[in-house]
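What you see below is based on every heavy atom in this structure, not just the backbone, and it leaves out hydrogens, waters and symmetry mates. Per chain, numbering begins at 1; letters A, B, ... match sequence-line order.
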Amino acid sequence: MKKDRQIIEVRGLARQFGGVRAVAGIDFEVCEGEVFGFLGPNGAGKTTTINILTGLARADKGEVRIAGIDCAANPKAAQRLMGIVPDESNLWPELNGFENLSFCGALYGMRGREREKRADELLDMFGLGDAAKRKFGGYSKGMKRKLTIAAAIIHRPQVLFLDEPTTGIDVASARQIRLLLKDLNDSGTTIFLTTHYIEEAERLCERVAFIVGGKIVRVDTIENLVRDVQKQRVIQLTLSRSGNTAAGSDSCGLEELPGLLRVAFPGIEFESITGSALRALSMKALPLAPLIRFLEEREMDVTEAKIIRPSLEEVFVNITGVALEQMRKEKEQGKAKGGKA
Amino acid sequence: MKTWIAFWNILKKDMRNYYLKPPNISWGIIFPLAWTLMFFIKSGSGFGDVRSILPGIVAMSVLFGTTSMLAVVITFEKKMRSYERLLLAPIPLEVLMLAKTSGAVLIGIANGFVPVIMAAFIVDLSDVAWGEMTAAVTLISVSSTFLGLFVAVSVSEVFEAQTFSNFFRFPMVFLCGLFFPIAALPIILQPLSYILPLTYGADVLHGAINQAAQKPPGLNLAILAGFCIIFFGVSIRNVQRKWIY
Ligand SMILES: Nc1ncnc2c1ncn2[C@@H]1O[C@H](COP(=O)(O)OP(=O)(O)OP(=O)(O)O)[C@@H](O)[C@H]1O
Ligand SMILES: [Mg+2]
């Protein structure tokens with residue numbers, strides 16, 4: 001598929017709520033036929049961005065164009081091209097599955113026969129045929145999510161916006177949704193999705209933007225992002241405290257280990273994962289034997305060591321971690337300045 | 001064309017799911033009946049008096065019929081966030097709000113004629129000015145619907161909408177000259193009467209049914225239409241300002 005026409009163009013978008021800069025001047029574009037992921041931690045500004053793009057929220061500054069249409073000047077023309085899956089499944093609880101879909105089709109001006117046929121087709125496609133005559137209010141969370149996605153594509157939109165499409169639903173349903181989204185994209189629909197599941201982005205998206213504190217810190221293809229980290233070597237060690245606490249040994253807590261290790265092994269990054277595991281990251285070969293000896297001297301038995309293939313998760317943690325740290329520093333500096341003044 | 005498909009389906013959905021539910025229909029019939037009986041018991045007079053209280057009962061039936069469901073149709077859907085779907089649909093906001101309120105207007109008109117039909121069995125209504133009466137019922141229905149809309153978009157909870165609309169509705173029953181002439185009110189309350197739309201609607205009804213209007217019907221109806229435009233305009237602005245956040 002040729003991907004050169006930009007279907008979403010965002011320039012200098014900003015939105016502030018009171019003192020909170022939810023979106024702090026972002027630029028990006030999405031090409032026709034692309035699956036574009038918007039990744040970021042809680043409160044990063046994902047929902048605010050999607051709401052501005054779809055016309056539910058206003059920008060303080062900046063410009064949004066959908067298929068060339070200026071969304072501020074002509075929101076309704078842009079909305080005709082969009083399908084929207086909000087972060088909450090918000091169809092009408094008193095209508096059944098079929099009625100909900102048909103009603104959503106009517107909102108986009110579809111005629112009776114056409115939208116009923118399409119509703120049946122979508123109910124089958126999403127495996128909700130048996131629930132068609134049941135009220136939406138009585139659906140399970142996963143079923144609600146599926147019907148909400150079906151409702152967003154009833155009018156065959158050119159661009160589909162999804163705000164955390166698979167959050168809070170089981171693995172099988174999430175997988176089914178991802179496959180359906182893939183199919184939809186294969187048939188030409190551009191997809192813009194937000195998520196905090198790295199794996200989801202890795203499986204679905206061609207390009208992702210990392211957003212932290214309202215700023216985009218990096219936009220790149222999954223391929224490029226992963227290539228960067230794959231040069232890295234990562235070993236995960238599972239530790240347990242050994243029983244023989246001999247006098248004179250340097251025993252210490254697990255939480256102090258990364259700090260101690262960084263001093264002892266310069267050039268290697270250490271981070272503790274969950275309660276009892278530790279990761280060592282380096283661009284060079286890792287000195288495993290000295291590492292294990294060092295730990296054993298501190299009353300830690302290494303019960304397992306495994307090589308980790310770095311994934312987008314590492315990229316995400318690196319990028320957002322660095323960005324968050326930087327923002328914290330900027331904030332502190334700002335405060336210090338403010339304090340002196 | 002596409003916009004009208006949306007309009008019609010929004011109206012149809014609300015009618016079926018909210019307005020035409022059995023409790024709502026029975027309320028439309030019991031409400032005027034109860035008020036009529038109450039007045040009879042209170043005054044102790046016979047059926048001849050039906051005509052004198054008919055304008056008041058009609059106006060009240062319309063007022064309560066229109067405003068009772070808007071809190072649900074609008075505030076509830078806003079709270080459940082399904083309203084966001086309507087705001088994101090490619091239809092002009094004005095058309096959307098008209099679609100959401102048309103059901104209330106129709107119910108209001110229907111409710112307004114319930115006491116008229118009941119009265120027709122008891123007294124002779126052949127000299128009523130039906131044209132004026134219909135125009136008045138229609139405009140009272142539209143203006144009180146838009147007043148209800150104004151309330152519904154100004155609050156965020158269903159109970160607030162209901163409390164707030166009672167805050168309007170009950171004083172209106174006494175201040176708008178439905179059952180006692182405005183001139184009989186304490187002088188400090190009288191200006192209040194003239195800023196309430198129902199006052200003008202009630203006057204047309206008194207004229208149409210009992211030839212007892214204070215002002216020409218054309219003037220009253222024009223003022224009512226003015227109220228409709230103001231309430232609707234302000235509501236649209238509130239939605240644009242507050243709901244598209
Ligand atoms: N209507 C609002 N009023 C005030 N603050 C808001 C509003 N909407 C969002 N915010 C703030 O803006 C910031 C970004 O919120 P947003 O919902 O866009 O984040 P998010 O990335 O979608 O987070 P999550 O992953 O939790 O959904 C947050 O700090 C939030 O508190
Ligand atoms: Mg969100």
Side-chain angles (χ1 to χ4, degrees), chain A residues 15 17 22 47-48 50-60 66 69 71-72 74-96 99-112 114-115 135-137 148 151-152 154-155 157 161 163, chain B residues 1-24 69 71-100 102-103 153 156 158 236-245:
Chain A
R15 177 65 201 259
F17 295 109
T47 299
T48 307
I50 235 176
N51 284 350
I52 296 173
L53 295 188
T54 55
L56 198 60
R58 256 184 276 271
D60 296 331
I66 305 285
I69 300 166
C71 290
N74 203 351
K76 294 294 159 190
Q79 280 166 352
R80 200 167 278 290
L81 311 175
M82 300 177 189
I84 300 152
V85 179
D87 54 357
E88 234 173 76
S89 302
N90 63 349
L91 288 162
W92 284 268
E94 70 279 3
L95 299 184
N96 67 35
E99 289 165 344
N100 261 306
L101 293 187
S102 174
F103 182 61
C104 288
L107 291 179
Y108 288 82
M110 292 169 78
R111 284 167 195 279
E114 181 195 3
R115 60 176 196 258
K135 288 204 172 18
F136 179 74
T148 307
I154 188 147
H155 59 295
F161 291 91
D163 197 354
Chain B
M1 184 60 211
K2 283 182 180 222
T3 303
W4 294 110
I5 292 178
F7 177 92
W8 171 240
N9 279 278
I10 292 170
L11 175 58
K12 210 166 68 176
K13 177 188 93 55
D14 283 354
M15 276 291 191
R16 213 182 292 158
N17 288 293
Y18 304 126
Y19 293 111
L20 295 182
K21 288 279 181 214
N24 219 21
M69 285 309 277
V72 176
V73 177
I74 292 175
T75 319
F76 177 72
E77 284 200 356
K78 172 71 173 54
K79 184 127 183 78
M80 298 297 287
R81 295 188 53 187
S82 43
Y83 216 93
E84 285 173 14
R85 298 194 154 267
L86 301 176
L87 291 173
L88 289 171
I91 42 175
L93 189 57
E94 291 79 8
V95 176
L96 168 63
M97 294 322 258
L98 282 177
K100 290 303 280 181
S102 298
V153 302
S156 52
V158 176
I236 294 273
R237 236 198 46 192
N238 275 351
V239 169
Q240 258 163 350
R241 258 206 352 237
K242 288 170 46 180
W243 290 7
I244 299 175
Y245 68 93

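- With a threshold of 4.5 angstrom between heavy atoms, A/L95 approaches chain B through side-chain atoms but not through N, CA, C or O.
- Using a 4.5 Å cut-off on side-chain heavy atoms (C-beta onward), A/P86 and B/R85 make contact.
- Inter-residue side-chain proximity for A/W92 and B/M80 is flagged as unmet; no heavy-atom pair is nearer than 4.5 Å.
- Atom-to-atom distance recorded for A/I52:CD1 and B/I244:CD1 is 13.0 Å, nearest 0.5 angstrom.
- A donor-acceptor contact closer than 3.5 angstrom is absent between the side chains of B/Y83 and A/N90.
- At a threshold of 4.5 Å between non-hydrogen side-chain atoms, the residues A/K76 and B/L88 do not count as touching.
- The shortest distance between side-chain heavy atoms of B/K2 and A/M110 does not fall below 4.5 Å.
- Both the backbone and the side chain of A/Y108 come within contact range of chain B, judged by heavy atoms closer than 4.5 Å.
- Residue B/W243 touches chain A through its backbone alone, counting heavy-atom pairs closer than 4.5 Å.
- With hydrogens and angles ignored, the 3.5 Å screen pairs no side-chain donor or acceptor of A/R58 with any backbone N or O of B/Y245.
- Summarising the geometry, atom CG belonging to A/L107 is positioned 8.5 Å from atom CG belonging to B/L96; distances are rounded to the nearest 0.5 Å.
- Of all residues in residues 9-16 of chain B, those placing a non-hydrogen atom less than 4.5 angstrom from a non-hydrogen atom of chain A are B/N9, B/I10, B/K13.
- Heavy atoms closer than 4.5 Å to chain B are found in the side chain of A/P93, but not in its backbone.
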